Structures are given as C-alpha cells and as structure tokens.
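Since the model is a prediction, treat every value here as computed from it, not as a measurement.
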Amino acid sequence: MKNLIRVLAGATAACMIATPVLAEKITIATVNNGDMVRMQKLTDDFTAKNPGIEVEWVTLEENILRQRVTTDVATKGGQYDVMTIGTYEVPIWGKKGWLVSLNDLPESYDVDDILPAIRGGLTVDDNLFAAPFYAESSMVMYRKDLMEKAGLTMPQAPTWDFIGKAARAMTDKQNETYGICLRGKAGWGENVAFLTATANSFGARWFNMDWKPQFTGEAWKKTLNFYIDLMNDAGPPGASSNGFNENLALFQSGKCGMWIDATVAASFVTNPKDSQVADKVGFALAPDAGLGKRGNWLWAWSLAIPAGTQKAESAKKFVAWATSKEYLDLVASKEGWANVPPGTRASLYANEEYAKVPFAQMTLDSINSADPKNPAVDPVPYVGVQFVAIPEFQGIATTVGQQFSAALAGTVTADQPLMNAQRITERAMKKARYIK
C-alpha cells in the first residue's frame with residue numbers, strides 16, 4: 001500500500017512538472033491602418049519579453065471598430081482587453097468610469113515624456129486613461145515647384161488670405177491642376193473635422209458658455225463662405241465627395257497645389273514609392289485669420305483598457321510596450337525613422353536621426369499649437385479642437401456634415417446649411433437637456 005502511495009505521488013508530481021503554465025490571452029481591438037498593422041507584425045517582440053501573455057488581434061474598419069468597442073465598454077462586456085480609441089472618446093469614457101487609469105505604469109515608461117498637448121487630451125481629473133500610439137495635428141502640404149511658378153513664397157505661418165491667393169494662382173484647370181484640395185465628404189471625422197478647426201481660426205465656435213449653438217453667427221458664415229468660394233475657384237471637381245483618402249490620391253498624383261490635412265500624411269506624400277511629387281513637397285503651419293488661433297486640429301489614436309476586463313495587468317504591460325520609447329526604436333530599426341508612429345513623445349523630436357525627417361519639426365510645431373481645452377477665440381464649455389467631447393456630438397455632427405457637403409456641392413445656398421445646423425443642434429441639445 002505504501003509503495004502504491006509512493007507511485008501515485010510520484011506520478012502526480014511528474015504530471016505537475018510536465019504540465020505547462022497556461023498563458024493569459026489578451027484580446028486587442030484595433031483599427032486597420034498601416035501603423036496598427038505594423039504593430040501586429042512586431043507582436044513577437046512583446047510576447048518574447050512577456051512569455052506568460054498571448055495576444056489575439058481583432059482588426060476592424062474604423063466605423064465598425066467604434067460601434068463594437070462602444071458597445072463593449074458601455075456594458076462592461078469584457079470582450080476586449082485593449083481598445084484602440086481616439087481623443088474624442090477618452091474624456092467621455094474616462095468621466096463615465098469606463099476606462100482603467102494608467103497612472104500606475106512603471107517609472108521606466110516615462111509618462112512625462114508624452115507631449116503635453118497629447119497627454120492633456122487623454123487625461124481626466126489627473127488620470128491618464130489612454131496611452132497615445134500615434135498623434136497628429138493638421139498642416140499645409142504644398143507643391144514648392146507650383147508655388148515658385150506662381151511667383152509666391154509660402155510663409156512658415158500663412159494666413160487664410162495668403163492661402164486663398166496662392167490657391168487661385170496655382171490653379172490650371174485645363175491641365176487638371178487645382179490650387180487646393182480640402183475635405184468635402186460628409187462626416188464628423190471628415191468635413192466637419194476640417195471645418196470646425198477652420199472655424200476656430202475665424203472666431204467661430206460650436207457652443208457659447210451656455211451650450212447654445214452658434215451657427216447663425218457671423219464667424220460661421222464667414223468660415224463657410226470662404227471655404228465654398230475657395231473650393232469653387234481653386235478646388236477639384238466633385239470635391240463634396242472627397243475625404244482624406246481621395247485628397248491624398250489627388251495630391252500624390254500631382255493634381256493639388258496645396259492640401260491642408262493630417263500631419264500623419266506627410267510620410268505618404270514624401271514617399272517616392274507612392275507619390276509622384278515626393279521631392280517637391282513643402283510644409284507650413286495651418287493658416288490663421290489674425291485672431292490668435294490656427295486652423296489645425298489635434299488627434300491621437302490611443303490604446304486604452306476597458307473597465308470590464310479581467311486581465312488589466314497583462315493589458316497594461318501590452319499598452320506600455322506598444323507606446324514606449326523602445327517601440328519607436330524597434331520600428332526605426334525595421335522600417336526607418338520616417339515610418340515610426342509620430343507625434344507622441346518629446347524624446348522622439350529630440351532624436352538627431354528623427355530630426356533629419358523633413359516634416360518632423362513642422363509636425364511637432366503643429367501639435368504644440370493646438371489646445372483642446374481652449375480651442376476657440378472665445379471661451380467654450382467643451383474640450384476638443386475639431387470635435388466637441390460630449391456623447392451627442394457624433395450624431396449631431398454627422399447630420400451637420402451632410403448640410404455642409406450639400407453646400408459645397410451647390411445644391412443649397414451657403415446660408416441654408418448654417419440655419420439647418422443651428423436647428424438640428426438646438427433640437428439635439430434640448431433633448432439631451434443641455435439647454436431648455
């Protein structure tokens with residue numbers, strides 16, 4: 001009997017030794033863009049450094065991603081352990097208690113290295129609720145050869161008046177060269193993003209301090225009329241259907257003299273593999289109207305941990321890896337400095353190798369000039385530069401964007417969309433009880 005007990009005990013011990021410790025699997029929901037795809041390809045670096053953690057990816061188109069992660073985070077469903085979300089969602093979800101605070105990331109992560117403008121947009125009540133993977137503002141990308149041909153010199157900090165003059169001077173419609181390409185496609189992240197940032201520089205705002213919509217004011221009228229006149233005179237045909245991707249294709253094919261859009265596009269328009277004008281591109285700050293605000297936005301695709309996860313510690317390890325200084329070095333070693341995720345860390349812009357990238361300094365200057373807590377000339381009750389960080393904004397702005405797109409298409413007069421925007425927004429804000 002004693003021998004049998006010894007045999008069973010030995011067999012049990014052997015099984016315990018032979019059975020591997022099960023790894024904890026974390027599920028990451030992310031958007032299907034180039035930087036995120038690159039991150040997935042480099043995941044082996046993370047798992048090698050964290051052998052007890054496995055990674056499962058759920059890669060989705062942007063609109064579908066937003067729908068699914070919003071449902072999961074609101075219900076604390078726990079389907080995802082790490083989510084890719086934007087600067088719009090973070091302050092809203094952070095206030096609701098839907099996200100895990102990242103204030104306890106290790107000291108080696110160096111949270112103070114994150115650029116203040118980016119960190120501020122991801123912080124609620126002194127809690128960092130998301131870590132930026134890459135960040136962007138917007139700036140002027142222009143054809144140096146066409147500017148010279150027009151007899152003009154692009155200032156480092158142009159005005160809207162100069163942009164209008166230069167766009168018209170560079171336009172040659174017979175040869176399909178258009179002085180400027182701007183977003184016209186309807187959508188809160190498309191034409192509304194551009195026009196809201198532009199309106200800030202013209203002295204407009206979405207709401208006054210009492211949350212009353214301001215679309216019928218003179219500043220919004222001036223903004224929309226300037227935009228429509230400029231695009232009619234110097235923009236490409238069908239501009240009301242053009243968003244980021246369409247304008248990128250136009251610029252890369254040599255059909256745009258100027259393009260005012262996301263700083264992250266700089267690496268695309270200067271890449272000779274994709275751009276016919278790669279060696280002819282210059283950069284400038286987004287324009288102003290002399291009122292102290294530039295027409296540039298601020299955005300970051302960031303990694304956040306939903307409060308519904310049961311694997312917060314493993315998730316934090318992944319977030320810390322993917323948004324670290326070491327990750328930037330890893331990408332640089334594989335893809336070159338021009339392709340590292342931009343806009344997040346001061347140390348990147350202090351790096352001598354990265355400083356050689358032609359758009360690095362202008363990207364940094366553009367990000368630093370955006371202030372999400374004070375986006376407009378006059379005071380506002382909201383946070384956000386090209387958006388208003390309230391849950392109702394996404395639905396309101398989607399409808400308002402359709403009004404603006406119709407105005408650009410010429411199907412309605414310029415005043416009508418602003419009257420409609422005022423009515424639509426007032427109705428939504430009354431329903432949400434911001435105003436009576």
Side-chain angles (χ1 to χ4, degrees), residues 63 88 138 160 163-164 167 178 180-208 210-244 246-247 260-261 286-287 289 291 293 295-297 375-378 380 382 384-390 392-432 434-435:
N63 290 333
Y88 167 69
S138 53
W160 282 113
I163 293 296
Y178 306 98
I180 196 160
C181 292
L182 301 173
R183 296 188 186 195
K185 180 186 289 186
W188 76 268
E190 286 281 7
N191 66 339
V192 173
F194 173 79
L195 283 168
T196 299
T198 301
N200 290 338
S201 68
F202 276 89
R205 51 185 174 167
W206 268 72
F207 303 101
N208 67 13
D210 295 321
W211 288 103
K212 294 180 179 178
Q214 301 292 293
F215 287 105
T216 53
E218 288 301 316
W220 264 108
K221 291 180 181 180
K222 186 174 182 180
T223 301
L224 193 59
N225 282 320
F226 176 88
Y227 165 76
I228 292 172
D229 290 345
L230 178 61
M231 293 300 286
N232 286 339
D233 292 345
S240 61
S241 299
N242 293 345
F244 175 87
E246 292 80 7
N247 286 327
I260 303 173
D261 215 296
L291 300 177
K293 292 290 181 180
N296 58 304
W297 62 67
V377 174
D378 294 325
V380 297
Y382 53 85
V385 180
Q386 77 278 23
F387 58 83
V388 177
I390 58 174
E392 295 79 12
F393 177 78
Q394 187 170 340
I396 296 170
T398 297
T399 306
V400 169
Q402 294 167 354
Q403 297 294 320
F404 291 162
S405 187
L408 182 59
T411 58
V412 294
T413 62
D415 286 342
Q416 190 62 46
L418 292 172
M419 293 173 61
N420 292 343
Q422 182 78 10
R423 176 177 50 81
I424 291 163
T425 308
E426 279 185 355
R427 184 170 63 235
M429 297 302 280
K430 286 179 180 178
K431 183 177 180 181
Y434 285 86
I435 57 176

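The aromatic rings of Y227 and F194 sit tilted relative to each other, their planes meeting at an angle between 30° and 60°. Using bins of under 30°, 30° to 60° and over 60° for the plane-to-plane angle, the ring pair F226/W160 lands in the perpendicular bin. Using a 30° and 60° split on the angle between ring planes, F207 and Y382 fall in the perpendicular class, above 60°. The aromatic rings of F393 and Y88 are tilted relative to each other, their planes meeting at an angle between 30° and 60°.
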Go through it in stages, so that I can follow the logic: the residues are L182 and L230, the test is side-chain contact (heavy atoms from CB on, under 4.5 Å), and I'd like the CA-CA distance, side-chain angles, deciding distance and then a yes or no. CA-CA 10 Å; L182 301 173; L230 178 61; 4.3 Å; yes
Would you check, one step at a time, whether the test side-chain contact (heavy atoms from CB on, under 4.5 Å) holds for V388 with W211? CA-CA 11 Å; V388 177; W211 288 103; 4.2 Å; yes
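Distance alone, capped at 3.5 Å, is enough to place a donor-acceptor pair between the S138 side chain and the W297 backbone. Under a 3.5 Å cut-off, the side chain of E426 and the backbone N or O of R423 do not form any donor-acceptor pair. Proximity of a side-chain donor or acceptor of R183 to a complementary backbone N or O of G189 within less than 3.5 Å is detected. In this structure, the side chain of S240 does not engage the main chain of G184 through any donor-acceptor pair within 3.5 Å. Remark: the backbone N or O of D210 is paired with a side-chain donor or acceptor of N208 at under 3.5 angstrom. Not a single donor-acceptor pair under 3.5 Å links the side chain of D261 to the backbone N or O of F244. Judged by distance alone, the side chain of S201 and the main-chain N or O of A289 form no donor-acceptor pair under 3.5 Å. Formation of a donor-acceptor pair under 3.5 Å by the T223 side chain with backbone atoms of A219 is found in this model. Formation of a donor-acceptor pair under 3.5 Å by the T411 side chain with backbone atoms of A406 is found in this model.
Nearest heavy-atom pair across L224 and P417 is CD2-CB, 4.4 Å. N296 and A286 make their closest contact through CB-CB, 3.6 Å (heavy atoms, listed as atom of the first residue, atom of the second, distance). When every heavy atom of A204 is checked against every heavy atom of A376, the shortest pair comes out as O-CB, 3.7 Å. The minimum heavy-atom distance between K293 and P375, with the atom names listed, is CD-O, 3.8 Å.
To the nearest 0.5 angstrom, N232 atom CG is 6.5 Å from L408 atom CG. Interatomic distance, K222 NZ to T198 OG1, rounded to the nearest 0.5 Å: 13.0 Å. With rounding to the nearest 0.5 Å, the separation of CG in D233 from CD1 in I180 is 11.5 Å. Rounding to the nearest 0.5 Å gives a distance of 12.0 Å between CG of N420 and OG1 of T216. The line from CG of D378 to CG of N200 is 10.5 Å long, rounded to the nearest 0.5 Å. Atom OG1 of T425 sits about 12.5 Å away from atom OH of Y434, to the nearest 0.5 Å.
Using a 4.5 Å cut-off on side-chain heavy atoms (C-beta onward), I260 and P287 make contact. By the 4.5 Å heavy-atom criterion applied to side chains, W220 and Q422 are not counted as neighbours. W206 has its side chain within reach of V192: a pair of non-hydrogen atoms, C-beta onward, lies under 4.5 Å apart. Proximity of Q403 to V412: side-chain heavy atoms (C-beta onward) are nowhere separated by under 4.5 Å. Side-chain atoms of N247 and K185, non-hydrogen and from C-beta on, never get closer than 4.5 Å to each other. Between I435 and P213 the shortest side-chain heavy-atom distance falls below 4.5 Å. Using a 4.5 Å heavy-atom threshold, the side chains of Y178 and P237 count as touching. Counting only heavy atoms from C-beta outward, the side chains of P236 and M231 approach each other to under 4.5 Å.
Around the NZ atom of K221, the shell of radius 6.0 Å holds more than 12 heavy atoms that belong to other residues, nucleotides or ligands.
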